[in-house]
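Counting starts at 1 for both ligands and their atoms, in listed order.
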Amino acid sequence: MPVHPEYRPKLLSSREVVPGVRLFRFEAWPGFTFLPGQFLMFHFADDPKTWRAYSVCSDTADSSSFEVAIGMVGAFSDRLGALKPGEEKELIVRGPFGKWTWSGEGHAVLIAGGTGVTPFRAMALLGKGKKTIFYSSKNKADRLFGDEHAAWAMRGATVHARATREGESRWTAAEIVSATDDSSAVFFICGPKALVEDMKSGLAAAGVDAEKIRTEKWGDYTDLF
Ligand SMILES: Cc1cc2nc3c(=O)[nH]c(=O)nc-3n(C[C@H](O)[C@H](O)[C@H](O)COP(=O)(O)OP(=O)(O)OC[C@H]3O[C@@H](n4cnc5c(N)ncnc54)[C@H](O)[C@@H]3O)c2cc1C
């Protein structure tokens, strides 16, 4: 088994960005680099058996710090959310890990709900490639990184956002394929199991080749969007 180095990065800031979701910025360790879509594993030194994965959501061009955006949904995320800069001494991070990545080749269609948009922020911030994002949240006020969509557009990303509790329906795979209208596009789906599985089968039914569908399942939960 390869041994992955452990780091104790300094917490630079933590703030609530939409209700129930906090954005954390950490000082990166020397040589830090990641590919959009990769995640880090976090645990506390006094609880070494409890690890959680968080996708790096910052700009790959920044090697001095990195960001993760985390929903406050359970014991581990709540403990992280309570940390203030200077209180992170017990926090240990390893990584980055993961082969579910996109580095700006061709056209990526990025499909997410709620916090599942975090890895897509790193992709949206890339200065290359065409990005089309289909995003659902419960309300407009829950739109994670909603205030950045204009800046993402300057880097080649188009965002189609819907608020499912404000009279808009969730995106369907058939709608996404029709709106994309690009047989060369590669589809990335991120979030809870039900969203990922429904979208995957829907894209296949709409004629998208299996090798053009890339999925990242976070867990079995539904209360997101
Ligand atoms: C590769 C990967 C990357 C991930 N990246 C992120 C990320 O960038 N941001 C993030 O918030 N989470 C992310 N997650 C989920 C994260 O690892 C934890 O599962 C989550 O923080 C819950 O841990 P907890 O101990 O706080 O709550 P738990 O007690 O473990 O879970 C409480 C409940 O919340 C559900 N849940 C898990 N994640 C979420 C979520 N995001 N929103 C709503 N409910 C959820 C669980 O399934 C469970 O039902 C990622 C998971 C994977 C596998």
Side-chain angles (χ1 to χ4, degrees), residues 4 9 11 13-26 28 32 34-60 62 65-83 88 90-102 110-125 133 135-139 141-146 148 152 163-165 170 188-200 213-225:
H4 298 283
L11 177 63
S13 62
S14 159
R15 64 189 171 94
E16 189 175 60
V17 279
V18 294
V21 183
R22 298 188 71 82
L23 181 67
F24 299 79
R25 193 156 71 88
F26 291 92
F32 175 80
F34 74 100
L35 297 173
Q38 286 191 308
F39 60 90
L40 298 166
M41 295 297 294
F42 288 66
H43 82 278
F44 288 96
D46 60 8
D47 185 9
K49 290 197 173 153
T50 307
W51 287 87
R52 292 289 182 270
Y54 294 111
S55 307
V56 190
C57 68
S58 40
D59 191 336
T60 48
D62 181 4
S65 67
F66 63 85
E67 289 177 319
V68 287
I70 300 179
M72 300 294 110
V73 295
F76 190 89
S77 48
D78 284 346
R79 184 172 176 189
L80 268 179
L83 292 180
E88 72 283 4
E90 294 289 296
L91 188 62
I92 296 176
V93 179
R94 294 190 317 191
F97 299 108
K99 293 184 176 158
W100 184 84
T101 62
W102 183 73
L110 312 173
I111 305 167
T115 46
V117 76
T118 54
F120 297 154
R121 186 189 191 221
M123 297 179 189
L125 290 172
I133 301 172
Y135 180 51
S136 309
S137 60
K138 286 181 193 162
N139 299 292
D142 302 313
R143 244 170 226 170
L144 186 53
F145 310 126
E148 298 184 5
W152 294 1
T164 58
R165 304 240 172 122
R170 284 185 194 179
F188 289 78
I189 316 164
C190 182
K193 193 172 160 223
L195 165 88
V196 171
E197 288 178 352
D198 287 357
M199 265 307 155
K200 185 178 177 185
I213 305 174
R214 319 259 162 94
T215 62
E216 183 83 315
K217 276 185 217 165
W218 278 7
D220 199 358
Y221 58 94
T222 53
D223 187 31
L224 252 189
F225 51 90

Residues R25 and D62 bridged, charged N to O under 4.0 Å: no
Mind checking whether Y54 has an N or O less than 3.5 Å away from an N or O of ligand 1? yes
With a cut-off of 4.0 Å, which atoms of ligand 1 are near a heavy atom of F76? 24 (P), 25 (O), 26 (O)
Consider ligand 1: state whether an atom of it lies below 4.0 angstrom from any non-hydrogen atom of G219. no
Note: R143 and V18 closest approach over all heavy atoms is O-CG1, 3.5 Å
Could you tell me whether the side chain of F66 reaches within less than 4.5 Å of the side chain of P96, counting heavy atoms only? no
Heavy atoms, side chains only, cut-off 4.5 Å: are V17 and E148 in contact? no
Would S55 count as a polar contact of ligand 1, with the cut-off being nitrogen or oxygen pairs under 3.5 Å? yes
Answer side chain, backbone, both or neither: which part of C57 comes under 4.0 Å from ligand 1, heavy atoms only. neither
Is the shortest heavy-atom distance from the side chain of S14 to the side chain of L83 under 4.5 Å? no
Over 60° means perpendicular and under 30° means parallel, so tell me whether F32 and F34 are parallel, tilted or perpendicular. tilted
E216 N/O to ligand 1 N/O under 3.5 Å: no
So for G114, does at least one of its heavy atoms come nearer than 4.0 angstrom to any atom of ligand 1? no
Please could you name the atoms of ligand 1 that F39 approaches to less than 4.0 Å, counting only its heavy atoms? 1 (C)
At under 4.0 Å between heavy atoms, is it the side chain or the backbone of M72 that contacts ligand 1, or both, or neither? neither
Are F76 and D47 side-chain neighbours, meaning at least one heavy-atom pair lies under 4.5 Å? no
Of all heavy-atom pairs between A124 and W152, which one has the smallest distance, and what is that distance? CB-CD2, 3.5 Å
Could you pull out, from L144, T50, T118, the option with a heavy atom nearest to atom 8 (O) of ligand 1? T118
Before we go on, tell me: are the rings of F42 and Y54 under 6.0 Å apart, centre to centre? yes
At less than 4.0 angstrom from any non-hydrogen atom of G71, what atoms of ligand 1 do you find? 11 (O)
Which one holds for V73 and ligand 1: side chain close, backbone close, both close, or neither close, with close meaning a heavy atom under 4.0 Å? both
Looking at ligand 1, does I70 have a heavy atom less than 4.0 Å from it? yes
